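Source: prediction; values computed, not measured.
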Amino acid sequence: MLRLITDFDGPIIDVSERYYRVYQLCLQKTRRPDQKVKELSKPEFWQMKRSRVPEKQIAMISGLDEVQAQEFAQLRRQTVHTEPYFQYDRLAVGAVDTLLKIQQAGIDLAVMTMRRVWELDYAFKQYDLGRFFPENRCYCLSNDYIKTRDIDDKPLLMARALKELPPAAYTWMVGDTEADITAAKKHGIKAIAVESGIRDRAQLKLYHPDIIVKDFSAAVDLVLERSLQPIGHW
């Protein structure tokens, strides 16, 4: 059996608009009434996020002082994963077609995400994605889970998944962050990094995934292509 474990945000969901709306809110709430600020365009902001420019630095580039930048970063953390802003998430281009292709190919598909249960359910209902992921193929955080760092938490989720899922001959992990790559490599799974999410190619390369591709569709095409080859050619 061929199994594909995919991250959710990045490969399937585009979070850029949510993150940008929260940036705009935090900038306006933190600035003084008479203070001139330079609101970044969405492409400018998103490229900074993808290249891992720290929140405080983004705030200061936008015209806030150091004390305000600290307040900005704290407000952003408190806001970005709250319900009013999840409505701004969008399906990644081609995501549903790719999920249908996986289904038609008979690949065993699981989702593994740092979203909490309610956050994943919200997106499933918003875009009718539950049809692709049975409950026993959904790995996310409980609503009361105390997060540490994604790069530490995600390998724990992977360990749980590998313990619970039936054996598979070959397993691939698709994701857009260092947490996805680390979770896969720690457990001997091939890691495919996609450039469609919150890390750019330079950041992804630092964690040595097996391969970097443009998006979820390209990742699935690669998995299907490799599945037709003898294992020695993988």
Minimum heavy-atom distance between Leu222 and Ile192, given as atom pair plus value: CD2-CD1, 3.8 Å

Flag, side chain of Thr113 to backbone of Arg115, donor-acceptor distance under 3.5 Å: yes

Glu178 vs Gln203 side-chain heavy atoms within contact, under 4.5 Å: no

Inter- and intrachain pairs under ring pair (Phe, Tyr, Trp, His ring centres under 6.0 Å), touching residues 133-154, at least two apart: Phe124-Phe133

Residues 33-40 side chain polar contacts: donor-acceptor under 3.5 Å, at least two apart:
from	atom 1	to	atom 2	distance (Å)
Gln35	OE1	Arg32	N	2.9
Gln35	OE1	Gln68	NE2	2.7
Gln35	NE2	Gly63	O	3.2
Gln35	NE2	Gln68	OE1	3.0
Glu39	OE2	Gln24	NE2	3.1

Connected hydrophobic set around Leu75, excluding itself, where side chains approach under 4.5 Å: none

Apart from Phe86 itself, residues in the same hydrophobic cluster as defined by side-chain heavy atoms under 4.5 Å: Trp118, Tyr122

4.5 Å side-chain heavy-atom contact, Arg52 and Asp200: no

Would you give me the side-chain donor-acceptor pairs under 3.5 Å for residues 99-106, sequence neighbours excluded?
from	atom 1	to	atom 2	distance (Å)
Lys101	NZ	Asp221	OD1	2.6
Gln103	NE2	Arg131	O	3.4

Only pairs under 3.5 Å count here: list side-chain donor-acceptor contacts from residues 209-219, not counting sequence neighbours, and write none if there are none.
from	atom 1	to	atom 2	distance (Å)
Asp210	OD2	Ala191	N	2.7
Asp215	OD1	Ser217	N	3.4
Asp215	OD1	Ala218	N	3.0

Residues clustered with Val67, ILVMFWY side-chain links under 4.5 angstrom: none

Asp108 with Arg3: basic N within carboxylate O range, under 4.0 Å: yes

Counterpart residues, side-chain contact (heavy atoms from CB on, under 4.5 Å), relative to Pro134 (two or more places apart): Asn136, Arg137

side-chain contact (heavy atoms from CB on, under 4.5 Å) partners for Gln57, two or more places apart: Val53, Pro54, Ile61

Test side-chain contact (heavy atoms from CB on, under 4.5 Å) applied to Lys186 - qualifying residues, sequence neighbours left out: Pro155

Co-members of Val93 in a cluster of I, L, V, M, F, W and Y side chains, linked at under 4.5 Å: none

With Tyr20 via ring pair (Phe, Tyr, Trp, His ring centres under 6.0 Å) - residues at least two apart: Tyr23, Phe45

Distance-only polar pair, side chains of Lys42 and Ser16, donor-acceptor under 3.5 Å: yes

Side chain to side chain, Leu25 and Tyr85, heavy atoms closer than 4.5 Å: yes

Heavy-atom check, side chain of Gln70 versus side chain of Glu55, under 4.5 Å: no

Heavy-atom donor-acceptor pair, Arg199 side chain to Asp176 backbone, under 3.5 Å: no

